[in-house]
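Step one of this worksheet: look at the structure below.
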Amino acid sequence: MIIKSRYESDELRCLRSLNARMKLSRKEKQNFLYLEKGWEGEKKFDTWVQRHLSVESLILNDLLLDMNNTLFQIDSLILTPDKVYLFEVKNYEGDYYIDGEQWRTISGVEIKNPLLQLKRSESLLRQLFQNLPGNFPIEAYLLFVNQDFTLYHASPHLPIIFPSQLNRFMKKWNNTKPSALTQQHRNLADKLTSMHVTESPYTRLPSYDYHQLEKGILCPSCSAFLTFQGKKLICNECGGKTEDTETGILRNIEEFKLLFPHQKVTTSHIFEWCGKQGNSKRITRVLGKNFKMEGRGKASYYT
């Protein structure tokens with residue numbers, strides 16, 4: 001049972017939009033691609049768990065917790081009758097090697113040691129559990145989901161699950177002695193969910209303003225700009241893939257609200273944000289159908 005679902009972060013959604021509408025710096029682009037790849041890896045992990053895990057469990061994804069003013073993030077926490085499993089999920093691709101405490105790409109570039117991140121999260125979670133009722137053993141793993149990943153010089157005793165080990169790990173997991181979750185497990189899941197910090201202080205976005213961004217409706221598949229064709233929107237980059245006009249306009253309105261949360265949603269703003277394609281009456285109809293109008297005349301806006 002999924003207690004806390006996983007959603008794309010506002011940071012990733014903003015960067016995806018900004019990447020299509022302006023030129024990001026090299027560092028900003030790297031951060032965007034890192035987040036995008038991480039999101040893809042987490043979705044792979046979720047699919048793997050949902051398809052194959054048969055043990056009764058409670059799943060909490062993307063937890064940001066505070067232990068004595070120290071924040072720590074957990075990709076996935078899975079509560080089973082006998083243990084709590086903590087997973088740090090990585091979607092690394094290519095060849096890497098371990099050199100003492102350091103992790104490097106095959107070309108020698110040092111990267112953050114993900115095992116240190118796992119150990120930190122595990123330690124803080126244990127401390128947090130000391131303040132909660134119940135005794136819940138924790139087992140923590142660094143899990144890699146990309147089949148094109150290789151790590152050299154890794155000790156077999158490290159808490160790492162490689163792509164080639166996923167099926168065996170799941171089989172062993174499912175073969176544990178069957179038992180049932182208790183109310184204590186459900187209370188723990190509810191408590192952790194309530195402790196989740198919703199506003200992350202780690203968000204990094206480039207500076208931008210409305211006038212510098214290219215206007216138009218982005219394709220949900222490839223982020224190219226769509227063109228109006230009657231009651232449909234068409235993507236020339238996706239081989240003529242089409243989308244209902246109202247659906248595309250609504251997506252664009254949500255994108256506008258995400259990037260400019262303090263701007264009022266008006267017909268003129270959204271018409272311009274859609275690249276001034278089609279006509280403003282169509283925008284007014286979509287806004288009137290899906291949002292509440294405040295005010296009258298030129299001063300009107302939608303909430």
Side-chain angles (χ1 to χ4, degrees), residues 1-9 12 36-65 72-93 114-115 117-126 128-130 132-151 154-196:
M1 181 185 297
I2 298 176
I3 302 299
K4 184 182 178 300
S5 298
R6 192 189 309 280
Y7 298 100
E8 292 173 301
S9 67
L12 174 56
E36 192 78 88
K37 198 164 188 66
W39 169 248
E40 291 171 0
E42 289 167 353
K43 287 192 296 181
K44 282 184 183 179
F45 172 83
D46 294 342
T47 300
W48 173 68
V49 169
Q50 290 162 25
R51 283 181 179 174
H52 303 293
L53 182 61
S54 60
V55 175
E56 187 178 3
S57 58
L58 302 174
I59 301 173
L60 295 90
N61 293 319
D62 273 345
L63 280 172
L64 183 61
L65 301 171
F72 64 105
Q73 190 264 341
I74 294 174
D75 288 337
S76 283
L77 201 67
I78 301 182
L79 282 59
T80 67
D82 62 327
K83 290 177 185 176
V84 172
Y85 291 87
L86 185 161
F87 291 101
E88 177 71 27
V89 181
K90 296 299 182 186
N91 191 21
Y92 291 177
E93 185 175 357
L115 279 175
Q117 183 180 350
L118 177 72
K119 290 176 182 177
R120 177 180 180 273
S121 297
E122 181 184 3
S123 174
L124 290 167
L125 185 65
R126 290 188 191 281
L128 188 142
F129 275 15
Q130 291 173 8
L132 299 176
N135 180 26
F136 301 96
I138 300 171
E139 209 165 280
Y141 291 98
L142 175 62
L143 187 146
F144 294 95
V145 296
N146 197 315
Q147 295 292 332
D148 294 323
F149 168 76
T150 302
L151 179 65
S155 165
H157 304 296
L158 292 174
I160 297 177
I161 303 170
F162 293 104
S164 60
Q165 299 172 314
L166 288 173
N167 290 337
R168 278 175 287 154
F169 178 83
M170 182 61 77
K171 186 176 180 180
K172 182 181 177 181
W173 197 1
N174 285 331
N175 285 338
T176 55
K177 185 178 178 180
S179 55
L181 293 167
T182 66
Q183 187 59 46
Q184 206 169 42
H185 290 94
R186 290 175 172 81
N187 292 342
L188 175 63
D190 291 340
K191 180 63 176 177
L192 291 171
T193 303
S194 71
M195 296 173 70
H196 172 66

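The structure displayed is predicted, hence computed values, not measured ones. Computation of the quantities below employed the complete heavy-atom set of this structure, encompassing side-chain atoms and omitting hydrogens, waters and symmetry-equivalent molecules.
Minimum heavy-atom separation, Val89 to Gly41: CG1-O, 3.9 Å. Contact record, Ala189 with Leu60: O-CD2, 3.5 Å, taken as the closest heavy-atom pair. Closest approach of Thr176 and Trp173 over heavy atoms only: OG1-O, 2.9 Å.
Between the side chain of Asn174 and the backbone N or O of Ser54 there is at least one donor-acceptor pair closer than 3.5 Å. Listed for the Lys90 side chain is no donor-acceptor partner under 3.5 Å among the backbone atoms of Phe144. Ser123 contributes no side-chain N or O that, together with a main-chain N or O of Arg120, makes up a donor-acceptor pair within less than 3.5 Å. Ser121 places no side-chain N or O within 3.5 Å of a backbone atom of Leu118 that could act as its donor or acceptor partner.
The pair Lys44-Glu40 does not count as a salt bridge, with every side-chain nitrogen at least 4.0 angstrom from each carboxylate oxygen.
Within the 4.5 Å cutoff, the side chain of Phe129 has heavy atoms near those of the Leu192 side chain. With contacts defined as side-chain heavy-atom distances shorter than 4.5 Å, the pair Val145/Trp48 does not qualify. Side-chain contact between Leu65 and Leu124 is absent, with no heavy-atom pair separated by less than 4.5 Å. Side chains of Ile78 and Leu53 form a contact here, defined as non-hydrogen atoms less than 4.5 Å apart. No side-chain heavy atom of Lys4 sits less than 4.5 Å from a side-chain heavy atom of Asn61. Within the 4.5 Å cutoff, the side chain of Tyr85 has no heavy atoms near those of the Ser57 side chain. Counting only heavy atoms from C-beta outward, the side chains of Val49 and Phe87 never approach each other to under 4.5 Å. A heavy-atom distance below 4.5 Å is not found between the side chains of Leu142 and Gln117.
Looking only at atom types and distance, the side chain of Asp75 has a donor-acceptor partner in the side chain of Gln73 under 3.5 Å away. Between the side chains of Thr193 and His196, no donor-acceptor pair of N or O atoms lies under 3.5 Å.
For the atom pair NZ of Lys119 and CD of Glu88, the computed distance is 13.5 Å after rounding to the nearest 0.5 Å. To the nearest 0.5 Å, the span separating CG on Leu151 from OH on Tyr92 amounts to 10.0 Å. In this structure, NZ in Lys191 is found 10.5 Å from CG in Asn187, a value given to the nearest 0.5 Å. Leu58 contributes atom CG, which lies 8.5 Å from atom CG of Leu188 (distance to the nearest 0.5 angstrom). Summarising the geometry, atom CG belonging to Leu86 is positioned 7.0 Å from atom CD1 belonging to Ile138; distances are rounded to the nearest 0.5 Å. The CG atom of Asn146 sits 5.0 Å away from the CG atom of Asn91 when rounded to the nearest 0.5 Å.
Residue pairs meeting the salt bridge (charged side-chain N to carboxylate O under 4.0 Å, His left out) criterion with at least one member in residues 139-151, sequence neighbours excluded: Lys83-Glu139. Each salt bridge (charged side-chain N to carboxylate O under 4.0 Å, His left out) pair with one or both residues in residues 55-65, not counting sequence neighbours, appears once here: Arg6-Asp62, Glu56-Arg186.
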Output side-chain donor-acceptor pairs under 3.5 Å for residues 154-171, partner residues at least two apart or in another chain, one line each.
| unit_1 | atom_1 | unit_2 | atom_2 | d |
| --- | --- | --- | --- | --- |
| Ser155 | OG | His157 | N | 3.1 |
| Gln165 | OE1 | Phe162 | N | 2.9 |
| Arg168 | NH2 | Ser164 | O | 3.3 |

